[in-house]
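Structure, as structure tokens:
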Amino acid sequence: MFTRELSKAFEPHETEKRLYEYWIKNKLFHARDESEAKAFSIVIPPPNVTGMLHMGHALNNTLQDIIVRFKRMQGYNTLWMPGMDHAGIATQNVVEKELAKEGKSRHDLGREKFVARVWEWKEKYGGVIINQLKRLGCSCDWDRQRFTMDEGLSRAVREVFVRLYNEGMIYQGDYIVNWCPRCHTAISDLEVEFKQDNSFLWDIRYPFADGSGEIIVATTRPETMLGDTAVAVNPDDDRYKDVVGKYIILPLVNRKIPIIADEYVTTDFGSGAVKITPASDPNDFAIAQRHNLEIISVIDGLGNINEHGGVYKGLDRYEARKQVVTDLEKGGYLVKTEPYTHSVGQCYRCKTDIEPMVSKQWFVKIKPLAKQAIAAVVKGKTKIVPGTWEATYFEWMNNIRDWCISRQLWWGHRIPVWYCGDCGKVIVSLTDPDKCPDCSGASLRQDEDVLDTWFSSSLWPFSTLGWPAKTEALKTFYPTSLLVTGFDILFFWVARMMMMGLYVMKEVPFKDVYLHALVRDEKGEKMSKSKGNSIDPLVMIDQYGTDAFRFTLAAYTAQGRDVRMSAERIEGYKFFVNKIWNASKLTFANLEDYDESKTAAVEDSLSDKWIKARLNRAVEEVTHSLDKYQFNDAAAAIYHFIWHEFCDWYLELSKPAFYGKVSPEQRLATQRTLYDVFGKMLLLLHPFMPFVTEELWQVLNRSDEKSIMISSFPVAEKAWEDEAAEKEMELLMNVITSVRNIRGEMQISPSRKLDVLISVSDEKLKGIIEAGSNYIVNLANLKSMAVEINLAEPKGVATGVVGPLLVFVPLTGIVDFAGEKARLEKEIAKVQKDLDKSARKLANRDFCEKAAEAAIKKEEDKLKESKERHAALEKALNKLKEMQS
RNA sequence: GGGCGGGUAGCUCAGCUGGGAGAGCGCCACGCUUACACCGUGGAUGUCACAGGUUCAAGUCCUGUCCCGCCUACCA
């Protein structure tokens, strides 16, 4: 007896909850630090602690779980390492907003209290996403869950910082950085987003100091002229040959500044002269370094003009722009104002315009690290899939600039650097020092900055495994086998993990990187809260169940292509789950009395052999596709097998056995096949649909103790290969389809039982058809069926041509000869096309001489087939005409 | 400016190393046949963006053009 009776339809919610708890309770997600089995490991791209599950997460984690479950079932000691990211700016913003509601800022609390408050927030509200991942069915080893700010990972961060510093790979200095006046911190180049801005280009007249004339410069940011310390022209620009070395008097400011020559300036834009503001523009900064120019910052960290801005002091940068333009105009310095579209950098977090600013920051010398990271991919130590991304990776790595790792935030890993108040010594230390090692002074002050969040994420593949301790986990699971992530963080994260992994561990962090596409809405637009077009994965799960949702994600993940998500598609796969559920009801009902011990001597029927051979092919295709991360192909293969082979054909073919219309031996054979095939089918599907397959697996095996999760993934069974059975069955299926076609086209009621005559060309075929007559009679709904060799075309029939045989359906009582005539003519026209095409090809001398032999043979066979088919149809048509006249 | 991806059935897409244009949804017709109407059976539907080229043979390879999307750079 089965343990459970199945409900009318699959009930996802109750089942998902029960089974997930069951998996957890039995520690089925657990990976062993030490094991005989080969290891397979993935680290999760750690979601932000502030994060809520969106479609991107859903896709990312579904794909990981599919691979993880697949590998686990294949017998690997499989680790899926979970955790979260502290997300510096994002989290600090959330808590600051909370404070703002109380009318306070973080400065009211002070650093220590503020950080305590963030931790409090984290404990209370953080990590909602972890439970959401569980609803997705993710089989992470939750006992190992890590957080980038936890003790172990913080130690790893410090260790790496100190090591980099001691090896001269980290330096501090005054450089121009991207400054967010709202977040009040520097951010890296990657964190700047560029947006089109419709603004103006202003041409300004700068008079020469000696009164001999003037030079015109163009700018999009007139307010920065307050900090100009030079004007630059191209050294080869004939127009300005004589003025290089001269001075101009800066309007409004009355500062005397030089005209210099630098290759950076292009001759064909504007006047060919550029104002140089080293403190407010990265290119100008670079020029200033080359020419030893003075650097005057006129804008402060809030985006206001500072004391170097004279009368403009205190104005915000946009007000200052207006005022400067007005004053220039008044003074007669403004030559021209024209509309101009250019792009402006914005903070990726808060969309505030970036203010390039000179400030003291910490940097990582990145070139040496990048060099190794490039080499590793070149040598194939890490493979990027799809391979097209490798070019992008190289491009970026080759043009990489030093990484600004300091952030002026309070939430994050504080930089482990102290300054001695007595002797000025800089102390970089693994542990907090209490006195200066040089002068023993105790007035130490720690650097105020924290590290870029991505600094700790870049260590993720080994820090989560216990590094710097030499753990068993590290030995077993590093380098990890695979990283699955969106291409949008290829540079932010993947590239940096490569660099850090190679630097610290001397080994790549992962062997494969699978980059999946972005999830978009139905119209192909990026989903975002502000656009209101985002689909909430949890709503989809509630509505259609996790299995259907996951399968949809997999089915639409073709490599390198964006996923356009719509609820309609998920619904389609909910129907698929339902189909499986119903098929299992039929299956279980007919396995109720199945006794495996009696099956030793029984022999499989043709349909049994056929479905086993077909399953073999499905197994091969799914395995092969998953090995190559072709999720859509794998999903399609399963879908097709289950619905269109197992359900549409096999279950129908087996019904006579179910309903006792065959011998007990044959019934047993069918039960055996059904049991084996259904079980393997569930196994094959499990990585995609973990819940429904587990539920059915337990019923099938009459035990809620066994889990499908730890059963072996199917392999193609040599003994099940049977090409002959596949061919024979295909022929019978074609005969059945042919009768159905006639029935459909001729509008013969499905309930009307037909008498059918079949003409075959030889004994062998006759044998096959006769042996399969049961199948044909049942599935084509026949009253009777007769087979003869070279049967003469009877009168008053509809004719179907199936390869070498003819199917005659008597039209007695139907007598729609006009319909049959139309049907035949349509068929003939179709065949004629094929025939012409093949004939034309074979008449071509070049084709016969140059094409591959197999191609020619194929074409000849095709022509022969078309000819025969055509002749048979013509004959049928003539007979029909004869009869009518 | 540089780079990448895409333009295939009404819609969304698949089509890997060149040899018979596919799937799902939608549509039409017929059916409550003892798992399933969240179903079954049958059917219709394509100048594979455009123009050249290579080849016996091109949706597939090459060149160019036109659209669409993304990444990257940031010429004031």
Side-chain angles (χ1 to χ4, degrees), chain A residues 6 8-10 189 192 194 201-202 217-221 224 232 264-266 268-277 281-284 340 342-345 386 388-389 391-392 395-396 399 487-488 490-491 517-518 520 522 524-526 555-556 558-564 566 568-569 571-590 628 630 632-633 636 639-640 647-648 651-652 655 658-659 736-737 740-751 778-781 834 837-838 841 844-852 854-856 858-859 862:
Chain A
L6 297 193
K8 178 137 173 48
F10 178 56
D189 293 342
V192 180
F194 286 90
L201 189 64
W202 288 273
V217 297
T219 181
T220 53
R221 297 200 60 192
T224 63
Y264 159 77
V265 183
T266 52
D268 54 5
F269 186 89
S271 63
V274 192
K275 63 191 264 317
I276 301 298
T277 321
D281 182 284
N283 293 310
D284 294 6
Y340 189 67
H342 65 138
S343 45
V344 176
T388 46
W389 284 104
T392 312
E395 171 72 16
W396 188 73
N399 296 307
F487 60 73
D488 49 327
L490 177 61
F491 307 137
L518 257 45
R520 298 173 183 282
E522 290 155 281
E525 286 185 46
K526 210 167 163 174
Y556 286 94
Q559 291 201 1
R561 204 138 160 173
D562 289 344
V563 178
R564 291 202 192 185
S566 80
E568 206 182 41
R569 296 166 170 223
E571 191 184 27
Y573 287 110
K574 190 193 115 183
F575 297 160
F576 179 45
V577 176
N578 190 247
K579 183 78 182 175
I580 296 165
W581 189 255
N582 283 309
S584 69
K585 280 200 276 191
L586 181 68
T587 300
F588 296 151
N590 291 290
K628 293 200 295 181
Q630 289 171 342
N632 60 327
D633 290 339
Y639 183 91
H640 183 261
C647 292
D648 286 353
L651 288 180
E652 295 303 327
K655 277 183 179 170
F658 299 157
Y659 299 112
I736 292 164
T737 304
R740 285 170 171 176
N741 170 284
I742 290 170
R743 200 190 272 282
E745 294 273 285
M746 304 293 291
Q747 306 267 27
I748 302 170
S749 158
S751 57
N778 279 303
L779 296 207
N781 196 26
D834 291 346
K837 208 170 160 188
S838 297
K841 243 176 164 179
N844 183 342
R845 275 240 311 274
D846 285 327
F847 175 76
C848 297
E849 277 164 22
K850 293 176 188 165
I856 297 173
K858 216 170 155 190
E859 208 55 50
K862 219 162 76 185

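In the text below, chain A, chain B and the rest are named by the order of the sequence lines, each starting its count at 1.
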For A:R221, check side-chain hydrogen bond (donor to acceptor under 3.5 Å, both in side chains) against everything at least two apart and list the hits. A:E223, A:E355
Once you round to the nearest 0.5 Å, how far does CD1 of A:I580 lie from OH of A:Y639? 9.5 Å
Using 30° and 60° as the class boundaries, would you call the ring planes of A:W396 and A:F491 parallel, tilted or perpendicular? parallel
By side-chain hydrogen bond (donor to acceptor under 3.5 Å, both in side chains), A:E652 pairs with (sequence neighbours left out) A:K655
Separation of B:A57 atom P from A:F847 atom CZ, nearest Å, is 11 Å
Check whether any side-chain N or O of A:N578 sits under 3.5 Å from a backbone N or O of A:K574 as a donor-acceptor pair, and report yes or no. no
Check: A:N781 side chain, A:P750 main-chain N or O, donor-acceptor pair, under 3.5 Å: yes
Return the value, rounded to whole Å, for the distance between atom NZ of A:K628 and atom P of B:A14. 16 Å
Between A:N844 and A:K858, the residue closer to the 5' end of RNA chain B by nearest nucleotide is A:K858
Could you write out RNA chain B as dot-bracket? Rules: Watson-Crick or G-U wobble, both distances under 3.5 Å, brackets [ ] for crossings, | for pairs with another strand, dot for unpaired. (((((((..((((.....[..)))).(((((.......))))).....(((((..]....))))))))))))....
Result for 5'-nearest mapping on RNA chain B, choosing between A:S271 and A:G572, is A:G572
Taking atom C1' of B:A73 as reference, at what distance in whole Å does atom NE2 of A:H342 sit? 15 Å
May I ask you to say what A:K837 touches in the nucleic acid, namely base, sugar-phosphate or nothing, with a heavy-atom cut-off under 4.0 Å? sugar-phosphate
